[in-house]
There are 2 protein chains.
Amino acid sequence: MTDTGRTATAEHRAYRRVVDDVEARIASGELRPGDRLPSERELVDRYGIARSSVREALRVLESLELVRSAPRDPRGPLVLPITSAPIRRSLGLLTSSRTISLPQLVQLRMVIDASTNLMAALRRTPEHLVALERNMARMRGLLHHSYAEFGRADLEFHEILADAAGHELVRLYGEAVREAVLELIQQTILDADDQEAHKLRSIRHHTAVFDAISAGDGRAASRLARESLYQYYADHVGDEDREIMAALVSECGGRVDP
Amino acid sequence: MTDTGRTATAEHRAYRRVVDDVEARIASGELRPGDRLPSERELVDRYGIARSSVREALRVLESLELVRSAPRDPRGPLVLPITSAPIRRSLGLLTSSRTISLPQLVQLRMVIDASTNLMAALRRTPEHLVALERNMARMRGLLHHSYAEFGRADLEFHEILADAAGHELVRLYGEAVREAVLELIQQTILDADDQEAHKLRSIRHHTAVFDAISAGDGRAASRLARESLYQYYADHVGDEDREIMAALVSECGGRVDP
DNA sequence: GAGTCGCTGCTGGTCTGACCAGATCGGCGG
DNA sequence: CCGCCGATCTGGTCAGACCAGCAGCGACTC
């Protein structure tokens with residue numbers, strides 16, 4: 001008897017058992033980054049399903065960035081550290097399909113960046129300050145280069161801050177949002193011919209944030225994040241969204257330039 | 001000639017061609033929700049790959065919630081409307097993977113809930129206020145019931161607020177964080193014998209938030225979120241985390257009870 | 001003529017067994 | 001002792017089969 005082809009609607013799919021199981025074991029911490037899954041053929045025995053089903057499961061786990069399998073690796077599929085990559089991917093799809101708008105992204109970024117700066121001011125080490133200074137020097141050197149390159153350096157500044165904040169969740173959430181914003185911005189605002197002014201303003205803003213953070217002034221660092229994002233994007237959003245952004249600025253006692 | 005088993009590292013995987021192609025055609029709008037993909041066997045011909053590869057591709061597209069294939073559906077896999085479901089899934093994994101501590105979750109929740117309340121105060125409709133009142137009445141009725149049930153009603157209150165805020169991303173992020181907090185809390189604080197006091201405090205807090213939101217006072221609603229989360233959890237975290245939480249409260253001009 | 005039965009052909013879900021390319025490792029010959 | 005070679009492992013791919021169930025259509029019955 002070949003016990004094949006049984007009715008398999010919805011969640012009874014063979015490969016789902018593997019996906020759910022592995023996912024749960026990663027969530028629970030039983031499977032840690034760097035661990036190895038058994039080889040495909042061993043998973044076949046372990047779950048009692050065919051290799052094609054095992055492979056479907058592995059492809060899904062790979063698309064979730066939970067696992068990566070390399071060809072001819074006798075050690076089996078590698079369990080990856082949890083990253084924001086899949087979120088970024090989905091965020092990208094959502095934004096490119098206009099389901100999620102730039103204003104929404106910017107608003108969320110105001111909140112996340114503000115908290116990042118606040119925590120960074122309280123927890124930063126001297127090494128973080130050095131890294132920030134080095135990044136600022138690099139950005140000054142990129143003033144006349146492509147906006148894409150400048151944008152990456154800008155992102156890096158925020159990633160150092162996220163590091164300094166010492167808050168893994170805020171770091172991951174922020175990463176996803178910032179990259180989505182950058183991606184969208186390069187299609188929207190890029191044609192503005194005052195790119196250099198934009199860049200100069202970025203550098204000024206980073207300098208101010210750096211000062212606040214090295215002084216340990218969390219409130220100021222937080223306010224700066226909200227104010228500068230408002231200044232950047234207020235002209236590119238509708239009235240209602242601008243109102244929300246203004247409210248986010250004044251939430252922490254910031255001011256909106258007239 | 002069986003042209004099989006060629007070297008296929010990285011992006012040269014057979015199923016990737018299908019995934020990338022379909023993904024791009026969905027992002028570009030060529031494939032719209034409600035459209036149908038060709039049947040598996042037709043995709044085999046169209047891409048010149050084996051059915052197992054086609055199926056791997058379909059499983060990945062399904063895990064991205066871009067497509068759903070039903071058994072025995074002669075019309076072929078259905079193209080789905082783009083939703084935020086996959087983000088929620090990844091977010092949930094991110095937060096539930098034990099690497100994130102309760103203090104971190106609470107801190108992020110302070111930020112997200114505050115923004116939610118702020119936006120809800122600006123955008124809520126009369127219907128939202130009605131829903132909030134109904135929920136508050138229900139919670140009063142659950143005062144003497146299990147904490148789990150009460151917790152669910154509590155969650156629902158925040159979900160109504162997230163709805164009122166009208167910000168899809170904030171809603172998603174908030175959902176993930178709040179659920180994770182609730183899950184963790186039921187193992188940590190549950191043994192406190194002052195459960196009823198906790199519940200009463202929750203209800204008082206919700207009442208205050210309701211008043212601020214119906215008055216359109218965003219700053220107050222935001223401050224309330226931060227202050228009450230601080231009050232709830234300050235005693236259950238270490239000194240450093242409490243300091244961060246205090247900073248988050250005072251970031252928006254709130255006060256920390258002595 | 002209208003209604004029902006059953007066949008045929010389609011679908012997706014699953015399994016089996018095969019082959020390829022490359023890596024790893026043990027053993028054999030120099 | 002060193003170096004080469006093959007057995008054996010891995011993941012990637014393919015081909016072909018079977019199952020369960022639905023749809024359409026033709027034939028048979030009333």
Side-chain angles (χ1 to χ4, degrees), chain A residues 1-22 31 34-80, chain B residues 1-22 31 34-80:
Chain A
M1 150 199 173
T2 52
D3 179 24
T4 160
R6 78 280 272 163
T7 290
T9 311
E11 311 305 339
H12 300 75
R13 305 282 311 277
Y15 82 91
R16 277 243 128 230
R17 289 224 336 269
V18 184
V19 171
D20 292 344
D21 186 42
V22 171
L31 242 32
D35 287 355
R36 297 287 180 160
L37 256 39
S39 76
E40 294 185 359
R41 284 161 175 90
E42 195 164 336
L43 289 169
V44 168
D45 296 338
R46 205 156 312 192
Y47 289 95
I49 59 180
R51 186 146 90 105
S52 52
S53 295
V54 167
R55 302 195 94 250
E56 290 181 19
L58 288 176
R59 291 301 85 75
V60 170
L61 290 170
E62 268 180 6
S63 87
L64 263 26
E65 307 246 6
L66 295 176
V67 139
R68 177 168 50 232
S69 50
R72 286 149 250 121
D73 188 340
R75 295 167 298 177
L78 175 67
V79 176
L80 299 176
Chain B
M1 146 200 174
T2 53
D3 179 23
T4 161
R6 77 281 272 163
T7 290
T9 311
E11 311 305 340
H12 300 75
R13 305 281 314 277
Y15 83 91
R16 276 243 130 231
R17 290 220 339 265
V18 185
V19 171
D20 291 344
D21 187 41
V22 171
L31 244 31
D35 287 355
R36 297 287 180 160
L37 256 39
S39 76
E40 294 185 359
R41 285 159 175 93
E42 195 165 336
L43 289 169
V44 168
D45 295 339
R46 201 151 322 187
Y47 289 95
I49 60 180
R51 186 146 90 104
S52 53
S53 295
V54 167
R55 303 196 93 249
E56 289 181 19
L58 288 176
R59 291 301 85 76
V60 169
L61 290 170
E62 269 180 5
S63 87
L64 263 26
E65 307 247 6
L66 296 176
V67 140
R68 176 168 50 231
S69 48
R72 284 150 251 122
D73 188 340
R75 295 166 299 178
L78 174 68
V79 176
L80 299 175

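Here is the naming used below: chain letters follow the sequence lines, and residue numbers restart at 1 for every chain.
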Engineer: Separation of B:Arg68 atom CZ from C:dG13 atom P, in whole Å?
Structural biologist: 12 Å
Engineer: Report the end-to-end axis angle of the helix from C:dG1-D:dC30 to C:dG30-D:dC1; each axis comes from five terminal pairs, and the value is rounded to 10°.
Structural biologist: 30°
Engineer: Just compare C:dT11, C:dT14, C:dG12 and give me whichever is closest to any side-chain atom of A:Arg13.
Structural biologist: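 Given the options C:dT11, C:dT14, C:dG12, the side chain of A:Arg13 is closest to C:dT14.
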Engineer: Can you tell which of D:dG11, C:dG12, C:dT16 lies closest to the side chain of B:Pro77?
Structural biologist: C:dG12
Engineer: Classify the side chain of A:Arg41 versus the base of D:dG11 as yes if they form a donor-acceptor pair under 3.5 Å and no if they do not.
Structural biologist: yes
Engineer: Identify which nucleotide among C:dT11, C:dG13, D:dG12 has an atom closest to any side-chain atom of A:Glu40, counting heavy atoms from C-beta outward.
Structural biologist: D:dG12
Engineer: Could you tell me the separation between the CG atom of B:Asp45 and the C1' atom of D:dC14, rounded to a whole number of Å?
Structural biologist: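 Distance, rounded to whole Å: 14 Å.
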Engineer: Would you say the side chain of A:Leu64 lies within less than 4.5 Å of the side chain of B:Ser63, judging by non-hydrogen atoms?
Structural biologist: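 Side-chain contact under 4.5 Å: yes.
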Engineer: Would you kindly give the NE2-to-P distance between A:His12 and C:dT14, to the nearest whole Å?
Structural biologist: 11 Å
Engineer: Identify, with sequence neighbours excluded, every residue that meets side-chain contact (heavy atoms from CB on, under 4.5 Å) alongside B:Ser69.
Structural biologist: B:Arg59, B:Glu62, B:Pro77
Engineer: From the options D:dC14, D:dT10, C:dT14, select the nucleotide whose nearest atom is closest to the side chain of A:Ala14.
Structural biologist: C:dT14
Engineer: What is the distance, to the nearest angstrom, from the OH atom on B:Tyr15 to the C1' atom on D:dC14?
Structural biologist: 17 Å
Engineer: Of the options D:dA15, C:dT24, D:dG12, whose atoms approach the side-chain atoms of A:Ser69 most closely?
Structural biologist: D:dG12
Engineer: Below the 4.0 Å mark, does C:dG13 have OP1 or OP2 next to a side-chain nitrogen or oxygen of B:Arg59?
Structural biologist: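 It does, given that an N or O in the side chain of B:Arg59 lies less than 4.0 Å from OP1 or OP2 of C:dG13.
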Engineer: If the cut-off is 4.0 Å, is A:Arg55 near the phosphate of D:dG11, judged by side-chain N/O to OP1 or OP2?
Structural biologist: no
Engineer: How close or far is atom P of D:dT13 from atom CZ of B:Arg17, stated in whole angstroms?
Structural biologist: 10 Å
Engineer: Could you tell me whether a side-chain N or O of A:Arg17 sits under 3.5 Å from a main-chain N or O of A:Tyr47, the two making a donor and an acceptor?
Structural biologist: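 Side chain of A:Arg17 to backbone of A:Tyr47, a donor-acceptor pair under 3.5 Å: yes, one is there.
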Engineer: To the nearest Å, give me how far apart CD (B:Glu42) and C1' (C:dC10) are.
Structural biologist: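 The distance from CD of B:Glu42 to C1' of C:dC10 comes to 12 Å, rounded to the nearest Å.
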Engineer: Within this structure, what is the CZ-OG distance for the pair B:Arg55 and B:Ser52, rounded to the nearest 0.5 Å?
Structural biologist: 9.5 Å
Engineer: Taking OP1 and OP2 of C:dC15, is either one under 4.0 Å from a side-chain nitrogen or oxygen of A:Ser52?
Structural biologist: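 For C:dC15, neither OP1 nor OP2 has a side-chain N or O of A:Ser52 closer than 4.0 Å.
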Engineer: Is B:Arg51 side chain donor-acceptor paired with the C:dT14 base, going by distance under 3.5 Å alone?
Structural biologist: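 Flag set: donor-acceptor pair detected.
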Engineer: With the side chain of A:Ile49 defined as its heavy atoms from C-beta on, choose the nearest nucleotide among D:dT13, C:dG13, C:dC15.
Structural biologist: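 In terms of side-chain proximity for A:Ile49, the closest of D:dT13, C:dG13, C:dC15 is C:dC15.
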Engineer: Starting at atom CG of B:Leu58, determine the distance to atom P of C:dT11, rounded to an integer number of angstrom.
Structural biologist: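 So the two atoms are 13 Å apart, to the nearest Å.
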Engineer: If you compare every side-chain N and O of B:Ser53 against the phosphate oxygens of D:dC14 (OP1, OP2), does one of them come in below 4.0 Å?
Structural biologist: yes
Engineer: Walk me through whether A:Leu66 and A:Val22 qualify under side-chain contact (heavy atoms from CB on, under 4.5 Å).
Structural biologist: CA-CA 9 Å; A:Leu66 295 176; A:Val22 171; 5.9 Å; no
Engineer: Reading DNA chain D from 5' onward, which residue's closest nucleotide shows up sooner: B:Val44 or A:Glu62?
Structural biologist: A:Glu62
Engineer: Consider the side chain of B:Arg72, meaning its heavy atoms from C-beta on, and name the nucleotide among D:dC14, D:dG21, D:dG12 that approaches it most closely.
Structural biologist: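 Between D:dC14, D:dG21, D:dG12, the one nearest the side chain of B:Arg72 would be D:dG21.
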Engineer: Enter the distance from B:Leu58:CG to B:Arg51:CZ here, rounded to the nearest 0.5 Å.
Structural biologist: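 Taking CG in B:Leu58 and CZ in B:Arg51, the distance rounds to 10.0 Å.
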Engineer: How many whole angstroms separate atom CZ of B:Arg36 from atom P of C:dT11?
Structural biologist: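 The answer, rounded to whole Å, is 13 Å.
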Engineer: Rounded to the nearest 0.5 Å, what's the gap from CG on A:Asp20 to CG on A:Leu61? Could you check?
Structural biologist: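 The distance works out to 9.0 Å.
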Engineer: Which value, rounded to the nearest 0.5 Å, describes the distance between A:Arg13 atom CZ and A:Ile49 atom CD1?
Structural biologist: 10.5 Å
